[in-house]
Every structure is written in C-alpha cells, then in structure tokens.
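Heads up, the thing below is written out as structure tokens.
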Amino acid sequence: MDLTEAETEAQISDILIRHGWYPVKTDAALVIRGRGRVPRSHIPQGFPDMTYLLALSGTPLCLAALVETKTVTGKLSDAQTAKHAELRDLYGIRTHVLREPAQALALVGEGRRVVGLLRDRQQGRGP
C-alpha cells in the first residue's frame, strides 16, 4: 500500500530526527481569506516543505537540507518547480524531493560525510 504524503513526511522526519537532524516545517501554502488566496506565512510559494538542520560540532553553524515530500506518483506544482530551479540556479542550493522514507537515509549519510570532512580539516588531515 502506498503511503500518503503526510505519512511519508512523518516517516522521513522520524528517520532524520533519530539521526540528530532538527526539523523545521517550512510549508508555504496559501489560505483562502475573503475573496482571494493569501500566503499563510512569509515563506515564498514553492519553497520546500521541510528544512532539516544538523549541528556542526565546534562551530556555531549547521548543515541544512531542504526537503520536498511527495508520494511515489506525486508531482511538483509549477510554483515548486520554479522555486527549486531558482534555489539551484541562483544560489547553488539543491532541494531534495523525497518519495520514500528510505531516501532520508541518503541525507543522513551525506550529513555524516560532510561532518567527517569538516572534522578532518579542523584536525589538519584534509585539504
């Protein structure tokens, strides 16, 4: 049985949280008020659903992963496609479109790889 988008997002969050990532809901949906649709928040339309933060030991900075959750057959909206392209093309920021909870493990692995590279560099073992 296929998971709903909400179920997929919950399972992805559970995996990332168990591996030390902090979840921030960044849903930019619109709500209907009066005669039109207005933003629910200041986050631009099409911005990824979730931002996950991972502390970097020894620094006040953190890693961030922008995650858009979709079902196996779900499609990005036009606003999502445009915003993800803007983030990629103007800022070099990649959005991760995850369709299955197991895909969250790839982010866990990448986070560990980057933390390891930074740790090695701090200890004088890297470039």
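Between Thr69 and Pro48 the shortest side-chain heavy-atom distance does not fall below 4.5 Å. Counting heavy atoms from C-beta on, the side chains of Val115 and Leu54 come closer than 4.5 Å. Side-chain atoms of Leu66 and Ile93, non-hydrogen and from C-beta on, do get closer than 4.5 Å to each other. Taking 4.5 Å as the limit, every side-chain heavy atom of Phe47 sits out of range of all side-chain heavy atoms of Gln80. Using a 4.5 Å heavy-atom cutoff, the side chains of Pro23 and Leu16 are not in contact. Side chains of Thr8 and Arg99 form no contact here, defined as non-hydrogen atoms less than 4.5 Å apart. In this structure, the side chains of Glu68 and His96 stay at 4.5 Å or more apart for every pair of heavy atoms. Side-chain atoms of Lys70 and Leu76, non-hydrogen and from C-beta on, do get closer than 4.5 Å to each other.
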Side chain to side chain contact (heavy atoms under 4.5 Å, CB included) between Leu87 and Arg94, worked out: CA-CA 7 Å; Leu87 290 167; Arg94 180 177 167 209; over 6 Å; no
From CA spacing to verdict: side chain to side chain contact (heavy atoms under 4.5 Å, CB included), Ser13, Tyr52: CA-CA 9 Å; Ser13 284; Tyr52 292 93; 2.5 Å; yes
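Annotation for Ala104 and Ile15: closest pair CB-CG2, 3.9 Å, computed over non-hydrogen atoms. Considering all non-hydrogen atoms of both residues, Trp21 and Ala65 come closest at CZ3-CB, 4.0 Å.
In this structure, OG1 on Thr95 lies 14.0 Å from CE on Met50, to the nearest 0.5 angstrom. To the nearest 0.5 Å, atoms CZ (Arg113) and CG (Leu118) are separated by 9.5 Å. To the nearest 0.5 angstrom, Ser77 atom OG is 11.5 Å from Lys83 atom NZ. Residue Gln103 holds its CD atom at 12.5 Å from CD of Gln11, rounded to the nearest 0.5 Å.
Exactly one of Leu56, Leu107, Leu53 qualifies for a side-chain contact (heavy atoms from CB on, under 4.5 Å) with Leu63. That residue is Leu56. When Leu105, Val72, Leu3 are each tested for a side-chain contact (heavy atoms from CB on, under 4.5 Å) with Glu100, only one passes: Val72.
A salt bridge links Glu9 to Lys25: at least one charged side-chain nitrogen sits closer than 4.0 Å to a carboxylate oxygen.
Note on Ile43 and Tyr91: same hydrophobic cluster, where clusters join Ile, Leu, Val, Met, Phe, Trp and Tyr whose side-chain heavy atoms are under 4.5 Å apart, directly or indirectly.
Residue Asp78 qualifies as open at atom CG: its count of foreign heavy atoms under 6.0 Å is 12 or below.
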